[in-house]
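Contents: one structure, followed by commentary.
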Amino acid sequence: MTDVAWAVDWVRRSAQVVAEHREELIELDRQIGDGDHGENLNRGFKAVVAKLDALEAAPETVGDVLKLVATTLMSTVGGAAGPLYGTAYLRASKAAATPELDSAGVVATLEAALEGIVARGKATTGEKTMVDAWTPAVEAAVARADAGGTPAEVLAAAADAATQGAQATIPLQATKGRASYLGERSVGHLDPGARSTELILHAAAEAAA
Ligand code: ADP
Ligand code: MG
């Protein structure tokens with residue numbers, strides 16, 4: 001069930017997986033950026049979990065949970081990823097202003113997240129950013145929902161597509177963000193934001209499974 005408890009579980013699993021992959025994300029960002037991605041995201045999600053733990057009343061909607069993530073990431077994660085993920089979760093929270101999401105609701109939430117990232121960062125596919133993981137994820141989610149998939153199946157399809165999309169950033173040359181400063185030397189590396197997107201979407205699918 002993709003309800004409030006799922007949303008809370010998704011956030012906790014995201015924090016867990018980001019903590020487990022902190023070093024890897026740092027190393028990926030060290031190769032084509034400044035090496036802060038893993039540290040920033042880990043700090044942000046730890047702060048989110050602390051806020052969840054301190055809540056006195058249970059959130060009423062999925063959107064309430066996602067809004068807490070948005071505001072916390074915006075204030076604790078620096079660099080490009082803070083505002084990008086912050087805007088993603090903020091837009092997603094508005095699309096998820098209900099106690100439970102059906103498959104169409106899951107799709108609308110993921111679409112809103114991607115729209116937020118694009119609105120903020122102005123990247124399109126093929127520029128070696130998290131957009132290259134989010135875009136196929138949303139496309140796969142739409143297709144699975146149209147085929148009658150359950151919310152869990154929709155999220156699983158999105159997560160698998162994000163993995164493919166992240167892997168597909170390796171041969172790309174970055175034309176947005178810090179990695180673009182490297183020009184052709186950005187080729188041959190996995191984009192850290194696409195990798196963290198993949199991890200976060202797998203956390204969503206696992207929470208729903
Ligand atoms: P910074 O580059 O400021 O150090 P992070 O290291 O936290 O920020 O995040 C880097 C990631 O942000 C990149 O791997 C990429 O996926 C993503 N990114 C950077 N610029 C953009 C953009 N304009 N649009 C979408 N994603 C972007
Ligand atoms: Mg960085």
Side-chain angles (χ1 to χ4, degrees), residues 11 14-15 17-49 66 69-92 109-141 158-159 161-204:
V11 175
S14 299
V17 78
V18 165
E20 284 165 7
H21 291 264
R22 175 181 161 276
E23 299 284 344
E24 180 199 339
L25 293 170
I26 287 172
E27 184 50 35
L28 289 175
D29 194 32
R30 194 172 281 146
Q31 285 164 15
I32 58 169
D34 56 357
D36 65 348
H37 191 61
E39 189 60 44
N40 284 347
L41 263 195
N42 188 42
R43 181 175 56 246
F45 272 102
K46 271 200 186 343
V48 174
V49 168
L66 301 182
V69 178
T71 53
T72 310
L73 292 186
M74 279 181 184
S75 62
T76 56
V77 181
L84 288 165
Y85 274 127
T87 310
Y89 280 100
L90 194 61
R91 297 276 184 108
T109 301
L110 296 177
E111 280 176 334
L114 172 58
E115 280 164 19
I117 291 163
V118 171
R120 184 85 208 186
K122 314 272 183 250
T124 177
T125 50
E127 295 196 282
K128 198 180 185 91
T129 71
M130 59 175 72
V131 171
D132 290 310
W134 277 97
T135 301
V138 167
E139 286 169 1
T163 298
Q164 308 257 307
Q167 287 299 314
T169 65
I170 294 173
L172 296 177
Q173 178 173 333
T175 51
K176 280 282 188 315
R178 205 176 280 279
S180 67
Y181 307 160
L182 289 182
E184 285 176 9
R185 281 183 294 135
S186 65
V187 172
H189 301 281
L190 176 59
D191 176 66
R195 176 67 173 142
S196 60
T197 294
E198 172 194 356
L199 296 173
I200 288 167
L201 289 179
H202 276 279

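In each ligand, atom 1 is the first atom listed, and ligand 1 is the first ligand listed. Just so it is clear, the structure is predicted and the values come from calculations on it, not from any experiment. In this chain, numbering begins with 1 at the start of the sequence shown.
Taking CG of Leu73 as the start and CG of Leu66 as the end, the distance is 10.5 Å to the nearest 0.5 Å.
Note: an N/O pair closer than 3.5 Å links Gly193 and ligand 1 by distance alone. Annotation: Lys176 places no N or O atom under 3.5 Å from an N or O atom of ligand 1; distance criterion only. For ligand 1, none of its N or O atoms has an N or O atom of Lys128 under 3.5 Å away.
Here Asp36 has side-chain heavy atoms under 4.0 Å from ligand 1, and that is the only part of it that gets that close.
The single protein non-hydrogen atom nearest to atom 21 (C) of ligand 1 is Leu84 CD1, 3.7 Å, given as residue, atom name and distance. Counting only heavy atoms of the protein, atom 22 (C) of ligand 1 lies nearest to Gly121 O, 3.8 Å. At the shortest separation from atom 3 (O) of ligand 1 among protein heavy atoms lies Ala80 N, 2.8 Å. Looking only at protein heavy atoms, the nearest one to atom 16 (O) of ligand 1 is Asp191 OD2, 2.6 Å. In terms of protein heavy atoms, atom 20 (N) of ligand 1 is closest to Gly177 CA, 3.5 Å. Considering only non-hydrogen protein atoms, atom 24 (N) of ligand 1 sits nearest to Ala123 CB, 3.4 Å. The protein atom (non-hydrogen) at minimum distance from atom 10 (C) of ligand 1 is His37 ND1, 4.2 Å.
Of the possible polar contacts, one joining the Asp132 side chain to the Lys128 backbone as a donor-acceptor pair under 3.5 Å is found. Remark: side-chain polar atoms of Arg120 are not paired, donor with acceptor, to backbone N or O of Pro83 under 3.5 angstrom. At least one donor-acceptor pair under 3.5 Å links the side chain of Ser180 to the backbone N or O of Gly177. Here the side chain of Ser186 pairs a donor or acceptor atom with the backbone of Ala174 at under 3.5 angstrom. The closest donor-acceptor contact from the side chain of Glu24 to the backbone of His21 lies at 3.5 Å or more, if one exists at all. Side chain of Thr163 to main chain of Ala159: a donor-acceptor pair is present (N/O by atom type, distance under 3.5 Å, no hydrogens or angles).
Put simply, the residue from Asp36, Asp34, Asp29 that forms a side chain to side chain donor-acceptor pair (under 3.5 Å) with Arg178 is Asp34.
Of all N, O or S atoms in Asp29, the one lying closest to the Mg ion (ligand 2) is OD2. Taking the Mg ion (ligand 2) as reference, Asp34 places its N/O/S atom OD1 nearest. Looking at Asp36, its N, O or S atom nearest to the Mg ion (ligand 2) turns out to be OD1.
The atoms of ligand 1 that sit less than 4.0 Å from any heavy atom of Asp29 are 6 (O). Counting atoms of ligand 1 from 1 in the listed order, those under 4.0 Å from a heavy atom of Gly79 are 3 (O), 8 (O).
The closest side-chain heavy-atom distance from Glu27 to Arg30 is below 4.5 Å.
At a 4.0 Å cut-off, not a single heavy atom of Gly33 sits close enough to ligand 1 to count as contact.
The aromatic rings of His37 and Tyr85 sit parallel to each other, their planes meeting at less than 30°, with 60° as the upper class boundary.
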Check against side-chain contact (heavy atoms from CB on, under 4.5 Å), Leu190 and Thr169: CA-CA 6 Å; Leu190 176 59; Thr169 65; 3.6 Å; yes

